[in-house]
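What follows is a short report on a single structure.
All residue numbers in this chain count up from 1 along the given sequence.
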Amino acid sequence: MKKYLIILVTTLFSLSSCSDILDVSPTNKVTDAAVWEDANLISAYQVELYNCIQHGFRSWNDWLSKGTDETYPSITWGPSMYQAGTMTPDNIGSLDYWNTGYQYIRKINVFIDKMDASNLDLPNKGRWVAEAKFLKAWIYFQLIIRYGGVPLVDEYWSIDEGTSVTFTRNTLEECITEIEKLIADAIPGLPQSYTTTNANFGRATQDVCRALLSRMYLYMASPLFNPTNDRAKWQKAADAALGFMTKAGDTYELYADYGEGFRLISGSQNKEYIFARNFTSTNGHDAPMDNLGRRWGAYGGWFASNGPSQNLVDDYDMKSTGLPPFKWVNGEKVINAASGYDAQNPYKDRDPRLAATVIYDGSDYRGITHEMWIATDESSWGYDSYKQSGDNPRTNYILRKFMPELDQDISWEVKCVVPWPFFRLAEIYLNYAEAMFELGDEDVCREYMNKVRDRVDMPDIPSTVGGEELRERLYNERRVEFAFESHRIFDVRRWKVAMVTENRDIYGMDIYKDITTGIKKYTPVKLYEKKGNFNERMYLIPVSNDEIRKNGGTLEQTSTWIGY
């Protein structure tokens, strides 16, 4: 029986804003042998491998922000199930990457094997193979941060052969060594970088490889994966971040306007982005229609399920003082009197990243002032209030980050072409800050935190802030800098703080307006009780029971889920 590959017959692809190599739609069937005899088909096959990298815009139901305290979970399926605490080995949800990861590992193994055997004159052959090795390293990283040690696979089998093959887990250390080897093999075959205006931006580069190592070493040094707090692991994390910056030189810089940096269309110049997914008008995404409110004909995350939480809003510092508006005392959140926070003018004088990330009552977005208030007699309300529509988030906050301004249309008919960032310079700075803090160099930690804060003209973290207070400020800096970028769900797990952060109740903001005087009263409101929803098992995620059964006992369940 002939084997077939479903693949697009095409010429060379581009990652530019004009065409995107990452969306290869099947148009016909060609035999396996034909693929490896045709340069265009080989190119198309290699391009499709990039779909192993999952961007955050891929559907309304895959925003990982919904699985954390960044949002109010108005639904209990999709990522919101993590806030509900309903994950099981039979119901893993959007974090599951097992099948996707191993399907693409097989495809990559096929590609590398065929390239080794190919006699075709392929000018890009060396670079394509190097990119494939990077992609394999990316997949293994995504697997280990979810499941711990996973099977390392360098072979591939036919469908018939595959039914009799079983797998066992490699150790976490063996997986890290494999990722290091793949990256070491890939780097010599790759260019150092591509600018965001280059047609190849979105492909692997040496800098992208080093950014992946920086993130991996940071994660592996963190409490979840480093329970003995081995300082050597923190040193590797510090060295990787510093090594990236040294080799990159002045290639990258923080984009001057934080909010605008997330609204630029694909192909625009943005020297902060190291690696991102570009889009075109034909293969773009629906993030604005998925996440804006009903004023725009949109759905607030669908059923308002991606509405930013008061928990997140409360964590943006005050601009004038640089201090957190709240502090935790004996498990209770209280106003930090020294900060200058005014509970009845809650959005005044806040870190500019708040206004760039969240549409709140009184926000001007696309020339329209958003109104989330309800009249004190509840007989009328603002057009953006949850009272107006179930697709206006109950928190009375709407996502602004990634949402287009007036230079781009918003409708279901017009696809959005704002890129999704995987790595940007701010992460490298904060990776370095965290590693140096854990190594005891608080001065360097503050220096690199302040580089990120300076971009939005926030006061520096002063030298008087150290120890656990500095750790809290560092963790919070990542929270607000990377809000809605799929960092939080992994950060709270690797830090092993999710038993605290993910078991705190979720709040929104009620705004009552005296129609006669126009005076508003702001009152935080508890919307969702989470105490006990997150448990220790959920620091890692399980392998599906189906996969365990298919392997006939040779594949062990994720360590935190054994015996469940």
With Arg146, the side chain to side chain contact (heavy atoms under 4.5 Å, CB included) member among Leu95, Leu540, Thr558: Leu95
Indicate whether the side chain of Tyr397 and that of Gln310 have a donor and an acceptor atom separated by less than 3.5 Å. yes
If you draw the axis of the six-membered ring of Tyr386, does the NZ or CZ of Arg394 fall within 45° of it and under 6.0 Å from the ring centre? yes
Ring centre gap for Tyr316 and Tyr341 strictly below 6.0 Å: no
Would you kindly check if the NZ (Lys) or CZ (Arg) of Lys451 is within the cone defined by 45 degrees around the ring axis of Tyr429 and under 6.0 Å from the six-membered ring centre? yes
Electrostatic pair Glu332-Lys327, nearest N-O below 4.0 angstrom: no
Taking atom types as modelled, is there a side-chain donor on Ser59 or Asp62 under 3.5 Å from an acceptor on the other? yes
Cation-pi, Tyr217 ring and Lys233 (6.0 angstrom, 45 degrees): no
Should Glu481 and Arg424 count as an ion pair when the cut-off is N to O under 4.0 Å? yes
Side chains of Thr196 and Asn270, donor plus acceptor under 3.5 Å: no
Steps toward salt bridge (Lys or Arg N to Asp or Glu O under 4.0 Å) verdict (Lys387, Glu378): CA-CA 9 Å; Lys387 287 275 194 178; Glu378 300 194 11; 3.8 Å; yes
Ion pair check, Arg453 and Asp317, cut-off under 4.0 Å: yes
Donor-acceptor contact below 3.5 Å, side chain Thr376 vs main chain Tyr512: no
Glu442/Arg471 under salt bridge (Lys or Arg N to Asp or Glu O under 4.0 Å): CA gap, chis, key distance, verdict: CA-CA 10 Å; Glu442 295 185 350; Arg471 185 199 301 277; over 6 Å; no
Run His370 and Tyr383 through ring-ring contact (aromatic ring centres under 6.0 Å, His included) and show every step you take. CA-CA 8 Å; His370 281 59; Tyr383 193 73; 9.2 Å; no
Tell me whether Asp514 is salt-bridged to Lys521, with the criterion being a basic N under 4.0 Å from an acidic carboxylate O. no
Under 3.5 Å side-chain donor-acceptor pair for Lys66 and Ser305: yes
Using a 6.0 Å distance limit plus a 45 degree cone around the ring axis, check whether Arg58 lies over the aromatic ring of Trp63. no
Does Arg210 count as lying over the ring of Phe244, i.e. NZ or CZ under 6.0 Å from the six-ring centre, within 45 degrees of the axis? no
Donor-acceptor side-chain pairing of Tyr72 and Asn311 below 3.5 angstrom: no
Any ion pair linking Arg353 and Glu477 (charged N to carboxylate O, less than 4.0 Å)? yes
Using distance alone, with no hydrogens and no angle criterion, decide if Tyr507 and Lys333 have a side-chain donor and acceptor under 3.5 Å apart. no
Any luck finding a side-chain donor-acceptor pair between Asn306 and Ser65 under 3.5 Å? yes
Could you give me the CA-CA distance, side-chain angles and deciding distance for Trp302 and Asp290, then say whether side-chain hydrogen bond (donor to acceptor under 3.5 Å, both in side chains) is met? CA-CA 6 Å; Trp302 290 72; Asp290 288 342; 2.9 Å; yes
side-chain contact (heavy atoms from CB on, under 4.5 Å) for Tyr347 and Met509? Distances and angles first, verdict last. CA-CA 12 Å; Tyr347 314 121; Met509 180 68 83; 3.7 Å; yes
For the CE atom of Met403 and the SG atom of Cys416, what is their distance to the nearest 0.5 Å? 7.0 Å
Output field: ring centroids Tyr299/Trp60 closer than 6.0 Å: no
Would you say the side-chain atoms of Trp234 and Asn229 include a donor-acceptor pair closer than 3.5 Å? yes
Would you say the side chains of Ser379 and Asp377 form a donor-acceptor pair under 3.5 Å? yes
Is there a ring-ring contact (aromatic ring centres under 6.0 Å, His included) between Trp495 and Tyr475? Walk through the geometry before answering. CA-CA 9 Å; Trp495 291 329; Tyr475 285 5; 3.8 Å; yes
For Ala483 and Thr357, the nearest pair of non-hydrogen atoms, with its separation, is CB-CG2, 4.0 Å
Considering only NZ, NE, NH1 and NH2 on the basic side and carboxylate oxygens on the acidic side, decide whether Arg494 and Glu434 come within less than 4.0 Å. yes
Hey, is Glu502 close enough to Arg493 for a salt bridge, meaning N to O under 4.0 Å? no
Between the side chains of Glu272 and Tyr252, is a donor N or O closer than 3.5 angstrom to an acceptor N or O? no
Can you confirm if the aromatic rings of Tyr147 and Trp98 lie within a centre distance of less than 6.0 Å? yes
Hydrogens and angles aside, do Thr195 and Thr197 bring a side-chain donor and acceptor to less than 3.5 Å of each other? yes
Would the Phe402 and Phe57 ring centres measure less than 6.0 Å apart? yes
Would the number of heavy atoms belonging to other residues, nucleotides or ligands and lying under 6.0 Å from CD of Gln344 be above 12? yes
For a quick check under 3.5 Å, do Asn283 and Thr280 share a side-chain donor-acceptor pair by atom type? yes
Looking at Asp384 and Arg295, is any side-chain nitrogen of the basic one under 4.0 Å from a carboxylate oxygen of the acidic one? yes
Compute the ring centroids of Phe422 and Trp138, then answer whether they are less than 6.0 Å apart. yes
Are Trp420 and Phe262 an aromatic pair by the rule of ring centers under 6.0 Å? no
Looking only at side-chain N and O atoms, does Arg478 offer a donor or acceptor that is under 3.5 Å from a partner on Asn431? yes
Mind checking whether Tyr219 and Phe225 have ring centres under 6.0 Å apart? no
Considering the options Leu354, Asp457, Asp351, which one meets the side chain to side chain contact (heavy atoms under 4.5 Å, CB included) requirement together with Lys319? Asp457
